[in-house]
Amino acid sequence: MTTVATRRPPVRRASLVGTGASAAVVRRYQRYVIPTYRRDELVIARGRGSYVWDPEGRRYLDFFPGWGVGGLGHCHPAVTAALNRQARRLVHVANNYYHEQQALLAEQLIKRSFPGKVFFANSGAEVVEAAIKLARRFGHPQRHEIIAMTHSFHGRTMGAVAATGQPKYHQGFQPLVPGFRHVPFNNLDAVRSVLSERTVAILVEPIQGEGGVHVATPEFLKGLRTICNARNLVLIFDEVQTGMGRTGTLFAFQQSGVVPDVMTLAKSLGNGLSIGALVAGERFADVLQPGTHASTFGGGAVVCASALAVLDVIQREHLVNRAARMGRYLQQRLERLAARYPALIREVRGRGLMVGMELSTGGAEIVKACRRRGLLINCTQETVLRMLPALIVTEREIDRAVTILDEVLASWSISSR
Ligand code: PLP
């Protein structure tokens with residue numbers, strides 16, 4: 001029988017305690033930055049493509065760039081050029097005026113998704129909030145309840161936290177915004193069981209990311225569409241993490257054949273610049289009227305120019321197909337690892353370049369060991385190693401990442417054959 005131990009691999013440990021440039025940065029964080037994050041022991045000084053470097057010049061292969069923000073990798077030259085060009089002309093215009101970049105970006109998003117209109121904000125949580133407000137406004141005053149999923153993740157603002165179906169994110173912030181009903185993911189009967197005359201919307205991630213990389217079945221999404229059609233509910237897909245080509249189609253909904261009424265986008269839309277977009281289908285596009293919602297920074301000229309460049313690069317460099325191809329390659333390589341370490345790896349799952357590998361042991365130490373060997377990945381839900389490499393990732397980079405994982409897992413598993 002094969003047993004699993006949590007022995008640390010024999011690798012060099014680069015400590016940040018000391019006098020180097022990294023240590024100075026960490027000391028300032030400790031002194032001046034509110035500690036809302038558990039940070040890894042790594043200071044990043046620059047990035048390029050799939051790589052980042054620390055101030056001491058060590059290079060890391062980044063398979064989790066910016067929690068999924070770096071769809072085109074770090075400092076993509078076309079995005080850098082676009083934002084530089086725009087920054088010389090006009091950086092930001094408040095939303096009581098018009099500017100060309102916001103108009104062009106809204107047009108491009110609509111042409112690539114479904115007919116409707118766009119609201120711009122600055123982050124994922126903000127566009128989830130906008131979606132909640134749109135649904136509330138649509139149902140007002142009779143209907144306000146939103147059905148969301150357990151293990152979902154929608155962000156850290158109060159509405160988004162209440163929508164998030166994980167009690168650990170609620171802890172200490174009660175009373176929560178009322179009106180959310182949580183039901184198990186991929187379970188239509190559970191959804192039907194909480195429908196009432198108060199229900200106004202259903203909110204779902206096509207693939208739960210933070211929740212452990214769980215893919216919604218097409219039947220589930222189709223069933224939600226049918227329920228929403230029958231009861232005049234707003235079907236909201238949170239594509240903050242799945243959007244912009246990551247899963248092998250520009251938007252994940254395009255794989256299911258189910259078109260949502262409302263879609264939220266953020267993360268890699270600006271490839272590092274803060275932008276969120278709420279796409280509302282034609283029937284819902286005019287629910288939010290002047291005075292009902294706003295964002296001072298939303299849809300500024302530089303961020304919109306960056307997002308336009310992102311869309312252009314995705315199209316010109318065929319990155320959606322590439323994500324599908326490289327995603328298959330990554331998953332195949334990980335499946336082979338799973339076959340080598342059956343006691344350690346339970347399952348490999350995901351779509352395109354949104355990949356999770358469920359372990360039978362805690363993943364946090366494995367993430368640290370990978371980092372010490374020069375690979376950055378994430379662990380979510382304690383046991384799921386999550387990888388969201390840039391869409392420009394190469395086979396060689398995938399090979400390198402899998403080799404590092406292999407080395408780390410080898411030192412973790414002690415066989416008693
Ligand atoms: N929605 C989903 C599906 C997410 O994955 C996230 C962040 O991970 C959010 C919303 C919140 O986005 P942000 O951190 O930009 O507020």
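Whatever order the structure lists them in is the order used to number ligands and atoms, beginning at 1.
Within a 4.0 Å radius of atom 14 (O) of ligand 1, the protein has no heavy atom.
Using a 4.0 Å cut-off to heavy atoms of A125, the atoms of ligand 1 that qualify are 11 (C), 12 (O), 13 (P), 16 (O). Interface of K267 with ligand 1, defined as ligand atoms under 4.0 Å from a residue heavy atom, comprises 5 (O), 7 (C), 8 (O). Listed by number with element, the atoms of ligand 1 under 4.0 Å from a non-hydrogen atom of S123 are 15 (O), 16 (O). Near E205, with a cut-off below 4.0 Å to any heavy atom, the atoms of ligand 1 are 3 (C).
Counting only heavy atoms of the protein, atom 1 (N) of ligand 1 lies nearest to D238 OD2, 2.7 Å.
Of the candidates F153, F237, W67, F153 brings a heavy atom nearest to atom 3 (C) of ligand 1. When the heavy atoms of G124, G243, A163, A121 are ranked by distance to atom 12 (O) of ligand 1, first place goes to G124. With atom 5 (O) of ligand 1 as the reference point, the heavy atom nearest to it among E210, Q241, Q208, R156 is part of Q241.
Around atom CZ of R137, no more than 12 heavy atoms belonging to other residues, nucleotides or ligands sit under 6.0 Å away.
The aromatic rings of H170 and H182 sit tilted, their planes meeting at an angle between 30° and 60°. Using bins of under 30°, 30° to 60° and over 60° for the plane-to-plane angle, the ring pair F253/F251 lands in the parallel bin.
Distance CG/L375 to CD/E397: 11.0 Å, rounded to 0.5 Å.
No hydrogens or angles considered: a donor-acceptor pair under 3.5 Å links the side chains of Q381 and Q166.
Taking only nitrogen or oxygen atoms, main chain and side chain alike, A266 does not reach within less than 3.5 Å of ligand 1.
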Before giving the answer on ring pair (Phe, Tyr, Trp, His ring centres under 6.0 Å), spell out for Y51 and Y60 the whole-Å C-alpha distance, their side-chain angles and the decisive distance to 0.1 Å. CA-CA 6 Å; Y51 292 93; Y60 298 82; 10.0 Å; no

Given F185 and H214, is the ring pair (Phe, Tyr, Trp, His ring centres under 6.0 Å) satisfied, shown in steps? CA-CA 9 Å; F185 191 57; H214 294 285; 7.1 Å; no

